[in-house]
Amino acid sequence: MSKKVENKRGVVARKVKGFRDIDSNLNQLKWKIINAASEVYKKYGFEHWDTPVLEYADCLGKYLPDEDTVDKGVYSFKNPELEPVLRADGKELRDDDAHVVMENAFLSMRYDLTSPLARRYAEGLLEKYQRHQLGQLKPPLFRRYQFGPVYRYEIKLGPGRFREFWQLDFDNVGTNDVAADAEVCMVLSDALEAIGLPRKSYVVKVNNRKILTGYLKDLGVENDLDEQNIIRVIDKMDKIGLDNVALELAGGRTDSSGAAIKGLNLDANLVIGIVDFIKNFSNQKTRQEVLADLRNLEIKNETAQDGIQELEKMDKILSTLDFDEERVIFDPSLVRGLAYYTGPVYEVESLQTYIDAKGVERRIGSICGGGRYDTLVENLLGIKVPATGGSIGVDRLAELLMLTNQAPKRKDGPVFIAYFDEELVPLYQRMARDLRDAGIETEVYYGMDKKKMKKQMAYADDRNCPFVILVGSNEAEKGVATVKNLKLGKELSNTISDKKEWNERVQKEIPMAELADYIKGEMG
RNA sequence: CCCCUCGUAGCUCAGUUGGUUAGAGCGCCUGAUUGUGGUUCAGGAAGUCACUAGUUCGACUCUAGUCGAGGGGACCA
């Protein structure tokens, strides 16, 4: 560290914990993912929408903060502006003197892209119809894709787990057709392959919540809360294994670190029933085999039978389009933790592994998720609007590509024009403009230490510039530019130790008028 | 929030049972080369050993607490 300097303002520049600065390399990768997936989404007919980062807290879901702080993982605060309080019918609430009641509403930063979608959709309906007519309304079909940052106040941060991260969603609102669910699986698969994941390096896992829900009903689980708790435990299957799932369903367990995890204390028969169900599907089977197994269970519950039929329909579509088990499998033990899923659920698991810094082989795990959520809009409007969609975790996927060395190579920097003389600055700018007009990314040196050619070269090298253009008084008089090929120089540096020879082989004088054409030709 | 491990130069890390002046590699800076990135060579700067208190003649080293990081767990719309 250099000498300690007193900070006169007393401010320490620092990044907020859990948030990230993203350099140009990571940005390159991130936008490659976004662009490739967006093209696929568009091809399926989804439209590009954006919504604001801030929403009214009550529109975002079940989280209604009571204090001016982050609540249950959602960043929330009071709007500094006073606004009218609205009644359920959209009219302004008034007090006894007919004055509009004003308040500072709670605002929240979005924690996913699905809730703002529900808000947008519901708002559109509310504008067109009075609330009392909504009951008879056939909800219109709306299909959009959207990407952007979402925010969660995560308590424990870890690799690949941030408080600001990007999602890449596509959704169908206003359809109960299971064909749309089959399509979601195909979109996810196509998108991942467009991004560059090889076939068989990932698998889309599909299940239907209705099957488990119905099965549990047969076992006597009627209560929604019990069902949620059971689902949450089953969701941990991958992580903790079947035996520990059984323990958590029953009396609880003590994990390897010695921490006690309390169980759900379910009835022993119920636990056996659930474990038996999951056990059936612990081995990889074909979709047909899974369907046969499900039918053989002879679950009486109608909801469960619905779910099985929906899976059958999805299988028919997927099979017709040659989406075989290499891409999409059925896994009845897949549940996903989220409460709002009502039917088909999907999750994409990366099958790739990597070796971490300590030499341990690790798996990447889930990179996409999705499912059918038929009650999300209902929570806002009171009318049932079926919807289904999926989402790619952009940051997770970017990390996967980095860890498995599939990230694109570092991009070339711009062509770099070195500085020699103040009088030549207009010429430098002229050259830069001509190169840019020819479609070449070009930069003129503006650094503070212009006197030092070494500094300029080091800067260009740092930026991974392919060419440096040197025009001093010698070149200016002759009407030429010395073009130095940094990339070639890098290659030759292994074989040449003499500086002069090195420069001679790597540099060329080019007439000013031919500069753009020459560089264009060299860059291919 | 719970458990474990760790905190020494910008980075990655050495540092003898507690002993006098805390080291290396990489990076950075200067020069050989005042018009040139690599390589080579010669030099140089840089650390309150996370912080606070305690034990001790003496603490980077031991103890406690605080803060921070990593790993595991709980949670995860």
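In what follows, every chain begins at residue 1, and chains take the letters A, B, ... in the order their sequences are listed.
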**Request:** Report the distance from atom NZ of Lys15(A) to atom C1' of A69(B), rounded to the nearest whole Å.
**Result:** 12 Å
**Message:** Just to be sure I understand the rule, does Asp498(A) reach a base, reach only the sugar-phosphate, or reach nothing, if contact means heavy atoms closer than 4.0 Å?
**Reply:** nothing
**Asked** Considering only the P atoms, how many Å lie between U61(B) and G43(B), rounded to the nearest integer?
**Response** 34 Å
**Asked** Which nucleotide sits closest to the side chain of Glu248(A): A74(B), A77(B), G38(B)?
**Response** A74(B)
**Fill in**
Applying salt bridge (charged side-chain N to carboxylate O under 4.0 Å, His left out) to Lys454(A) and not counting sequence neighbours gives none
**Item:** Pairwise P distance for G71(B) and G38(B), with rounding to whole Å
**Value:** 36 Å
**Request:** Check if the side chain of Gln456(A) and the base of U36(B) share a donor-acceptor pair of N or O atoms closer than 3.5 Å.
**Result:** no
**Request:** Would you mind reading off the distance between Leu380(A) atom CG and A77(B) atom C1', rounded to a whole angstrom?
**Result:** 14 Å
Check nucleotides 41-44 of chain B against the protein and report each pair of N or O atoms closer than 3.5 Å, with its distance, or say if there are none.
none

**Request:** Starting at atom CZ of Arg14(A), determine the distance to atom C1' of C67(B), rounded to an integer number of angstrom.
**Result:** 14 Å
**Message:** If you go through the side-chain atoms of Lys156(A), does one of them form a donor-acceptor pair with the base of G72(B) closer than 3.5 Å?
**Reply:** yes
**Complete:** Here the gap from Tyr41(A) atom OH to Phe46(A) atom CZ, rounded to the nearest 0.5 Å, amounts to 9.0 Å
**N/O donor-acceptor pair, side chain Arg161(A) with base C76(B), under 3.5 angstrom** = yes
**Asked** What pairs with Ser350(A) under side-chain hydrogen bond (donor to acceptor under 3.5 Å, both in side chains), at least two apart in sequence or on another chain?
**Response** none
**Prompt:** Taking atom P in both U20(B) and U16(B), what distance in whole Å separates the two?
**Reply:** 11 Å
**Request:** Going by the salt bridge (Lys or Arg N to Asp or Glu O under 4.0 Å) test, name the single residue among Arg120(A), Arg144(A), Arg143(A) that passes it with Asp171(A).
**Result:** Arg144(A)
**Asked** Roughly how far apart are Thr114(A) OG1 and Gln146(A) CD, rounded to 0.5 Å?
**Response** 9.0 Å
**Prompt:** Separation of Gln167(A) atom CD from A77(B) atom P, in whole Å?
**Reply:** 12 Å
**Item:** side-chain hydrogen bond (donor to acceptor under 3.5 Å, both in side chains) partners for Tyr346(A), two or more places apart
**Value:** Asp181(A), Thr388(A)
**Asked** What interatomic distance, in whole Å, is found between C1' of G15(B) and the corresponding atom of C3(B)?
**Response** 30 Å
**Item:** Whichever of Ile155(A) and Val506(A) has its nearest RNA chain B nucleotide further upstream toward 5'
**Value:** Ile155(A)
**Complete:** Residue set satisfying ring-ring contact (aromatic ring centres under 6.0 Å, His included) with Tyr340(A), at least two apart, ordered chain then number -> Tyr373(A)
**Asked** Say you pick atom C1' in C51(B) and the same atom in G37(B); how far apart are they, in whole Å?
**Response** 43 Å
**Which residue lies more 5' along RNA chain B, comparing Met453(A) with Lys17(A) via nearest heavy atoms** = Met453(A)
**Complete:** Distance col, row Trp166(A):CH2 vs Ile392(A):CD1, nearest 0.5 angstrom, shows 14.0 Å
**Prompt:** Which whole number of Å gives the distance between the P atom of G54(B) and that of G58(B)?
**Reply:** 12 Å
**Request:** Rounded to the nearest angstrom, tell me the gap between atom NZ in Lys500(A) and atom P in U36(B).
**Result:** 11 Å
**Message:** As a test of your reading of the structure, name each stem of RNA chain B as range with range, where a stem is three or more consecutive Watson-Crick or G-U pairs at under 3.5 Å.
**Reply:** B:1-7 with B:67-73, B:10-13 with B:23-26, B:28-32 with B:40-44, B:50-54 with B:62-66
**Prompt:** Who are the side-chain hydrogen bond (donor to acceptor under 3.5 Å, both in side chains) partners of Tyr518(A), not counting sequence neighbours?
**Reply:** none
**Prompt:** Does the side-chain ring of Trp502(A) lie flat on the base of G37(B), meaning centres under 5.5 Å and planes less than 30 degrees apart?
**Reply:** yes
**Asked** When rounded to the nearest 0.5 angstrom, what distance separates CG in Leu488(A) from NZ in Lys490(A)?
**Response** 11.5 Å
**Message:** Please report the distance, rounded to the nearest Å, between CZ in Arg505(A) and C1' in G38(B).
**Reply:** 14 Å
**Request:** Just call it for Tyr340(A): base, sugar-phosphate, or nothing, with non-hydrogen atoms closer than 4.0 Å on any strand.
**Result:** sugar-phosphate
**Item:** Presence of donor-acceptor pair under 3.5 Å, side chain of Asp461(A) and base of G38(B)
**Value:** no
**Request:** State the CD-CG distance between Glu55(A) and Leu60(A), to the nearest 0.5 angstrom.
**Result:** 6.0 Å
**Message:** Donor-acceptor pair, distance only, cut-off 3.5 Å: does the side chain of Gln352(A) make one with the backbone of Tyr202(A)?
**Reply:** no
**Message:** Could you tell me how far G25(B) sits from U66(B) if I compare only their P atoms? Round to whole Å.
**Reply:** 39 Å
**Message:** What I'd like to find out is whether the side chain of Glu310(A) reaches to under 4.5 Å of the side chain of Ile211(A), using heavy atoms alone.
**Reply:** no
**Asked** Got a sec, which residues hit side chain to side chain contact (heavy atoms under 4.5 Å, CB included) with Met523(A), two or more places apart in sequence or on another chain?
**Response** Val415(A), Ile440(A), Pro466(A), Phe467(A), Ile519(A)
**Request:** For C76(B), take OP1 and OP2 only and decide whether either is under 4.0 Å from a side-chain N or O of Arg232(A).
**Result:** yes
**Message:** Please report the interatomic distance CD(Gln507(A)) to CD1(Ile469(A)), rounded to the nearest 0.5 Å.
**Reply:** 12.0 Å
**Span that lies between the C1' atom of A64(B) and that of U55(B), in whole angstrom** = 11 Å
**Prompt:** Does Lys236(A) place a side-chain N or O at less than 4.0 Å from the phosphate oxygens OP1/OP2 of G73(B)?
**Reply:** no
**Complete:** Applying side-chain hydrogen bond (donor to acceptor under 3.5 Å, both in side chains) to Arg20(A) and not counting sequence neighbours gives Asp395(A)
**Complete:** Taken to the nearest whole Å, CG/Asp224(A) to C1'/A77(B) is 16 Å
**Fill in**
Contact check, residues 475-489 of chain A vs RNA chain B, heavy-atom distance under 4.0 Å, returns Glu475(A), Lys484(A), Leu486(A), Gly489(A)
Collect all protein-nucleotide pairs involving nucleotides 25-34 of chain B in which both atoms are nitrogen or oxygen and the distance is under 3.5 Å.
unit_1: U30(B); atom_1: OP1; unit_2: Lys452(A); atom_2: NZ; d: 3.3

**Asked** Under the criteria of a ring-centre distance below 5.5 Å and an interplanar angle below 30°, is Tyr111(A) stacked with the base of A77(B)?
**Response** yes
**Request:** Report the distance from atom CG of Asn464(A) to atom C1' of G37(B), rounded to the nearest whole Å.
**Result:** 12 Å
**Asked** Contact class for Ile496(A) vs. all strands (heavy atom < 4.0 Å): base, sugar-phosphate, or nothing?
**Response** base
**Item:** Which residues share a salt bridge (charged side-chain N to carboxylate O under 4.0 Å, His left out) with Lys499(A), sequence neighbours left out
**Value:** none
